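Accompanying notes for the structure given below.
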Amino acid sequence: MTDAALKTLTGITLALALILTFTVSDYYIFNRISFLDGENTFNVFFVISQWVKKAGYLLLPLAVFYNKRSCADIAKYILPVFIVVSTATFGNFFDITMLTESASPADKVYASINEFIPKAANMALFFTACATELLACVLLFVRDGFKVSGKNFIYLPFAIIAVTPLNIFENFFDINDFSRNDFLWFKNFTLWHFLALAILIGLTVGSYYFLRKKDGDKQRDFLAAAAIVLLIQYHSKDSMVMGDGYNVYDTVFACIPLFICNIGVYIASFSVLLRKKLLYSISFFVHAAGALTVFIYFGKDEMSNYGIFCSYSILYFCLTHCILFALSVLPSALGHYKFKPKDCVIPLIYYCLVIILATVASGVISSASMNFEYDGYKLQEGEWLKPNYAFTQINPLPIPFDYIPFKIWNCEFYLSYLIALYAVYVGLFWAFTGGYYAFIAIRRRILRGVRVSEPIPETVAEAAATEEENDGNE
């Protein structure tokens, strides 16, 4: 009964936390820290308590669903303190709104859409989430007792760092002080671009070497923790687009996961959380290539507004895509899964369906936005919405493909471009697949070489045995 109650409370807490990300206030506070509540600032004690509570969204699932005693000890002794502090120091947290007198007419239209969760509902969700998280911590005492190991608390800083609100660095600079020509501005093929690519490779390779000597269960636990971190960081964007904006996006419609890497966050995360090979095959063949591609070419600079290298937009983009790529390739690199050519069929169909859905959704939302209004003001041309999945409308490729036009409601699309978009991805898909089979061939050759040597390291022997068993099963 205790385990069932713990799982239920944890599930409710995470569900409420997800809904709360669709409020302006959720992440709006982290780049406006002060020691006293002000008109547009928030008490440092409240901000820190909210940060630690977000670490709880990582600790509680690991403690409850993965029976990690270290996470349970931290959750039951640390989280309650910060939960109580947050309920006592919230100040003007629930009064945050973008519907201000100084806002432009278009911004007021956007705000009227974004602030679809009223203040009363926001407060009810917030305090209910605090209560369920607190009750889950209490039940951990019932399940595990009061005995605690001091060394377990060494993981607390790692949990807090893992869920760092990425806009917190904006307390130290004003993004409006920098122009697109500034050295610190993130653009294609600059120092910051190549640094991001190096971090992508370094994180993936470093994680592989960190995990390869651990047993399979520990590898899967690490990947599950990374998946939870990815989901937490990914959903920070919900609040950001409705508050300060993310890149060039200002409305909640940009949070609909139809951009290929956005839906990839769910596919990759649930592939390791649920351990489903079908989900992982899609993650590996489609989303690994997608995440890698955007690191090589971020799209036309004039279409983006990433800001300087340490602004929220670029930190969010790089972190989520780095973890997405790592989750998409590490299970195969570690020998958890092997694929045959037939496993490529469903990912190819899946990507085709994503393009179709994104095209339809983009056309419907952009067309509908032409009639959006607030307080007598109707959005004008240039203010109409083009969410991130409007890549089906806006060609980010350096070559035009404006042939075979067709319309969805009021928006024009080009079938030639959509076909080219799919063809480019299929080409990347097969290139990535070829790289995978080359890696498998090299890995098998290395393992066979090690197999005949003496002594055989235990972890390599286990990997070889696993591969032989997989070959037999297939």
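Source: prediction; values computed, not measured.
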Under 6.0 Å from the CG atom of Leu274, do we count more than 12 heavy atoms belonging to anything else shown?
-> yes
Are Lys338 and Ser332 linked by a side-chain donor-acceptor pair shorter than 3.5 Å?
-> no
Starting at CG of Asn31, measure out to OG1 of Thr41 and round the result to the nearest 0.5 Å.
-> 11.5 Å
Glu170 and Ser311 side chains, donor-acceptor separation under 3.5 Å = no
Could you tell me whether the side chain of Asn305 reaches within less than 4.5 Å of the side chain of Tyr246, counting heavy atoms only?
-> no
Where the side chain of Lys54 meets the backbone of Ile160, is there a donor-acceptor pair that is under 3.5 Å apart?
-> no
Quick check: does any side chain N or O of Ser34 sit under 3.5 Å from a backbone N or O of Asn43, one acting as donor and the other as acceptor?
-> no
Relative to the ring of Phe173, is the ring of Phe178 parallel (under 30°), tilted (30 to 60°) or perpendicular (over 60°)?
-> perpendicular
Between Cys261 and His287, is any pair of side-chain heavy atoms under 4.5 Å apart?
-> no
Under 3.5 Å, is there a donor-acceptor pair between the side chain of Thr164 and the main chain of Leu166?
-> no
Take Phe45 and Gln50 through the side chain to side chain contact (heavy atoms under 4.5 Å, CB included) test and state the conclusion after the steps.
-> CA-CA 9 Å; Phe45 299 106; Gln50 289 296 98; over 6 Å; no
Apply side chain to side chain contact (heavy atoms under 4.5 Å, CB included) to Met242 and Thr251, showing your working.
-> CA-CA 6 Å; Met242 295 185 284; Thr251 70; over 6 Å; no
Donor-acceptor contact present, side-chain Ser112 to main-chain Val109, <3.5 Å | yes
If you draw a 6.0 Å radius around CG in Leu191, do more than 12 non-hydrogen atoms from other residues or ligands fall strictly inside?
-> yes
Taking atom NZ of Lys218 as the centre, does the number of heavy atoms from other residues, nucleotides or ligands within less than 6.0 Å exceed 12?
-> no
Please check if atom OH in Tyr155 has more than 12 non-hydrogen atoms from other residues, nucleotides or ligands closer than 6.0 Å.
-> no
SG-CG distance between Cys318 and Leu203, expressed to the nearest 0.5 angstrom | 11.5 Å
Heavy-atom nearest pair, Leu428 first then Ala289, reads O-CB, 4.4 Å
Phe210 six-ring centre to Lys214 NZ/CZ under 6.0 Å and within 45° of normal = yes
Between Phe90 and Phe127, what is the ring plane arrangement, given parallel below 30°, perpendicular above 60°, and tilted in between?
-> perpendicular
So, do Leu421 and Tyr351 sit near enough that their side-chain heavy atoms are less than 4.5 Å apart?
-> yes
Keeping the roles fixed (side chain from Ser362, backbone from Thr359), state whether a donor-acceptor pair exists under 3.5 Å.
-> no
Keeping the roles fixed (side chain from Ser369, backbone from Leu385), state whether a donor-acceptor pair exists under 3.5 Å.
-> yes
Residues in salt bridge (charged side-chain N to carboxylate O under 4.0 Å, His left out) with Asp107, at least two apart?
-> none
Thinking salt bridges, do Asp244 and Arg32 make one under a 4.0 Å N-O criterion?
-> yes
Between the main-chain N or O of Leu20 and the side-chain N or O of Thr23, is there a donor-acceptor pair closer than 3.5 Å?
-> yes
Output for pair (Leu200 CG, Ile296 CD1), nearest 0.5 Å, gives 9.0 Å
Measure the acute angle between the ring planes of Phe372 and Phe253, then classify it against the limits of 30° and 60° as parallel, tilted or perpendicular.
-> parallel
Provide the closest heavy-atom pair for His321 versus Val294 in the form atom of the first, atom of the second, distance.
-> CD2-CG2, 3.4 Å
Heavy-atom closest pair (Ile117 atom, Ile19 atom, distance to 0.1 Å) is CD1-O, 3.8 Å
Between Thr190 and Phe183, is any pair of side-chain heavy atoms under 4.5 Å apart?
-> no
Drop me the distance from Asp238's CG to Thr21's OG1, to the nearest 0.5 angstrom.
-> 3.5 Å
Could you tell me whether the side chain of Tyr27 reaches within less than 4.5 Å of the side chain of Tyr312, counting heavy atoms only?
-> no
Residues, nucleotides or ligands: over 12 heavy atoms within 6.0 Å of Lys108 NZ | yes
Let me see the working for Tyr234 and Tyr266 under ring pair (Phe, Tyr, Trp, His ring centres under 6.0 Å), right down to the final yes or no.
-> CA-CA 10 Å; Tyr234 169 74; Tyr266 295 105; 5.6 Å; yes
Any idea how His193 and Phe186 line up, ring-wise: parallel (<30°), tilted (30 to 60°), or perpendicular (>60°)?
-> tilted
Test side chain to side chain contact (heavy atoms under 4.5 Å, CB included) on Met370 and Leu379 and set out the steps.
-> CA-CA 6 Å; Met370 297 175 186; Leu379 292 181; over 6 Å; no
Start with the C-alpha distance between Thr320 and Gln233, add both sets of side-chain angles, then the distance that settles side chain to side chain donor-acceptor pair (under 3.5 Å), and finish with yes or no.
-> CA-CA 7 Å; Thr320 54; Gln233 293 288 5; over 6 Å; no
Are Asn262 and Lys237 side-chain neighbours, meaning at least one heavy-atom pair lies under 4.5 Å?
-> yes
Closest approach of Gly243 to Met98 (non-hydrogen atoms, all atoms of both residues) = O-SD, 3.5 Å
Hey, what's the ring geometry for Phe42 with Tyr28, parallel, tilted or perpendicular (30° and 60° as the breaks)?
-> perpendicular
Pairwise side-chain contact, Cys322 with Ile199, heavy-atom cut-off 4.5 Å (strictly under) = yes
Presence of salt bridge, Asp215 and Arg220, under 4.0 angstrom | no
How long is the span from the OG atom in Ser25 to the CG atom in Asp95, to the nearest 0.5 Å?
-> 9.5 Å
Under 30°, 30 to 60°, or over 60°: which ring-plane class applies to Phe284 and Tyr280, parallel, tilted or perpendicular?
-> tilted
Would you indicate whether Phe158, at its atom CZ, is surrounded by more than 12 heavy atoms from other residues, nucleotides or ligands within a distance under 6.0 Å?
-> no
In Å, rounded to the nearest 0.5 Å, how long is the span from CD1 of Ile314 to CG of Asn247?
-> 8.5 Å
Report yes or no: do Ser271 and Ser283 form a side-chain donor-acceptor pair below 3.5 Å?
-> no
Shortest non-hydrogen contact from Ile260 toward Val286 | CD1-CG1, 4.0 Å
Are the side chain of Ser281 and the backbone N or O of Leu278 linked by a donor-acceptor pair below 3.5 Å?
-> yes
Note: Pro257 and Ile263 closest approach over all heavy atoms is O-CB, 3.4 Å
When you look at Leu79 and Lys53, which way does the side chain to side chain contact (heavy atoms under 4.5 Å, CB included) test go after all the steps?
-> CA-CA 7 Å; Leu79 285 184; Lys53 280 168 61 181; 5.6 Å; no
So do Ser49 and Phe46 actually touch side chain to side chain, heavy atoms under 4.5 Å?
-> yes
Check whether any side-chain N or O of Asn171 sits under 3.5 Å from a backbone N or O of Ile33 as a donor-acceptor pair, and report yes or no.
-> yes
Asn114 side chain to Asp250 backbone, donor-acceptor under 3.5 Å = yes
